[in-house]
Protein chains: 2
Amino acid sequence: MSLDPRFSDEMRDRLPPKHDARWTLGISRRESMDEPVEKATRHLDLAARECVLDEGDEARSLYVILEGAVMLSKLLPDGRRQIIELLGPGDIFGLSTNRLSDVTAETVLPARIVVYDRHTAESSAALQRLVSERMKAQICALHDHAVLLGRKTAVERVATFLMRLVPNRGGAGCAGPLSERRPDQANVRVPLTRQEIADYLGLTLETVSRAFSQLKREGFLVYGRHDEVTIANVCRLCKCTGSH
Amino acid sequence: MSLDPRFSDEMRDRLPPKHDARWTLGISRRESMDEPVEKATRHLDLAARECVLDEGDEARSLYVILEGAVMLSKLLPDGRRQIIELLGPGDIFGLSTNRLSDVTAETVLPARIVVYDRHTAESSAALQRLVSERMKAQICALHDHAVLLGRKTAVERVATFLMRLVPNRGGAGCAGPLSERRPDQANVRVPLTRQEIADYLGLTLETVSRAFSQLKREGFLVYGRHDEVTIANVCRLCKCTGSH
DNA sequence: CGGCTAGTTGAAGACACTCAACGAGCGTGG
DNA sequence: CCACGCTCGTTGAGTGTCTTCAACTAGCCG
């Protein structure tokens, strides 16, 4: 039995291909989230690679991701792009100090999102708690990401990225290898293109590809079909992240 | 008359050297902040380079900076350091999802800081508003910084850093050059060492030094005494940041 | 004066980037 | 059915930017 029944070999082939909520980015460590009780202004049901919000758009709403994944990115005038955050179920976006969004938000996976207007968001205690909780978590994630962008090598960045895709591992609440006897494997899906990973990790797509190849060559990874990757030994990969 | 009377040539020489609250990092665009009404658990009155909180310390309190500047940093196990955020009056820190601080906090300038325990912070509406407001602003700043770390060249990073030191310029609320006839000058103090700037910008101290030298050679900067620098033309420097 | 720290500058090297070719997978249309 | 075009990923060769290592200077304090 592998780490998580959701990702076991036996089940993998039986899973519907893309449109399954079980395939999240593994980032927020849950598959989906219950909808907050307040009446939402709107519900969004989006396919992958749909734009939710553009940098500079008016942003007077609170967006809560129920299912799927969203990426936030920023562009420099000459076209250089940085993907800032990858968000999953329970995460929020759309808030900003002034009334304009400072980032572009696009879906990475098919996503269900609820939208609350500013007034509803601010007058609901439950939503305020959610917002406060999630902002703290996002700030922590941004801190880690700053270390990655400022100080890590290409292979360390890619290893760190892959570790994020493994549920319940690598973070503060790392479960550790489940059993001594079983190989510490994990199957993950990488729903981002090399270009997107590169823009997230502050690299070029070629460098990302080379880092993947190197990890594969050295036995850390085995490519599956489509965008599936098997991490041969999660603990060993974790040692490549520079953080441990 | 220069942009801001605090930074005019005429006044500069008369100012007391370091221990003046007027010399903030210019980051939060204000000199100091009124103390929130709630009764604080503690008051801290710190010199420069004092440690407030270590990565991994218990963090059950909310820290509010009234005056001065604080830097948040993280270390990798092999000693690589990334300075994550530079905070000024009005900014907060110490919050984290779990009960441990994810960053180290040290003063950059002499600082006055008030500390509220978790319970006080959570039960005061005024403090909650402050926290929410500041967290949003910090997330925006972290987004910008991710772009810098992921996508900007060394000179662009240093130029962006210098622009942050100029009050009311470069950001969303950039005032623009004040007058057509006057040179668009600004005098700033750079209270960080080259090593600290390097750790903030994801570079080495030599690269930072070379970028400063290049900007000086090309007439963007004139070195003053101590850690003072004159930006010959703020608008022109802003074009070196890659953001405009 | 000597010792210390901070900053500058040069030379050589490493790591990631750029440019380019090529291959796999997939949908379209003849 | 296969050819075709398209996107995405891989890999190689050469280049460039930033790093590393090292020497040297300026300022400060005892």
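Each chain gets a letter, A, B and so on, in the order the sequences are listed, and its residues count up from 1.
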Distance-only polar pair, side chains of B/His143 and A/Glu85, donor-acceptor under 3.5 Å:
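Judged by distance alone, the side chains do pair up.
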With the side chain counted from C-beta on, respond yes when [X] and [Y] share a heavy-atom pair under 4.5 Å apart, and no when they do not.
X	Y	answer
B/Tyr223	B/Lys216	yes
A/Ile83	A/Glu196	yes
A/Met163	A/Thr160	no

For chain B and DNA chain D, what are the first and last nucleotides along the strand, 5' to 3', with at least one atom under 4.0 angstrom from a heavy atom of the protein chain?
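Contact span on the strand: D/dC18 to D/dC28.
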Residues two or more places apart in sequence or in another chain: which of them pass side chain to side chain contact (heavy atoms under 4.5 Å, CB included) with B/Thr104?
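If we apply the side chain to side chain contact (heavy atoms under 4.5 Å, CB included) test to B/Thr104, skipping adjacent residues, the hits are B/Cys51, B/Asp54, B/Glu55, B/Ser73, B/Glu106.
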For A/Ala105, what residues pass the side chain to side chain contact (heavy atoms under 4.5 Å, CB included) criterion, not counting sequence neighbours?
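Result, side chain to side chain contact (heavy atoms under 4.5 Å, CB included) vs A/Ala105: A/Val52, A/Leu53, A/Val70, A/Leu72, A/Phe93.
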Do nucleotides 8-16 of chain C as a string where each nucleotide becomes B, S or -: B if the base has a protein heavy atom under 4.0 Å, S if just the sugar-phosphate does, - if no protein is that close.
BBBB----S
Scan the side chains in residues 204-212 of chain B for donor-acceptor partners under 3.5 Å anywhere in the protein, sequence neighbours excluded, and list what turns up.
unit_1	atom_1	unit_2	atom_2	d
B/Thr204	OG1	B/Thr207	N	3.3
B/Thr204	OG1	B/Thr207	OG1	2.9

Output the rounded distance in Å from CD (B/Glu196) to P (C/dA6).
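Rounded to the whole Å, the gap is 9 Å.
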Which whole-number value in Å describes the distance from A/Arg80 CZ to C/dC17 P?
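Rounded to the whole Å, the gap is 13 Å.
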Residues in salt bridge (Lys or Arg N to Asp or Glu O under 4.0 Å) contact with B/Arg112, at least two apart in sequence or another chain
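Once residues adjacent in sequence are excluded, the partners of B/Arg112 under the salt bridge (Lys or Arg N to Asp or Glu O under 4.0 Å) criterion are B/Glu67.
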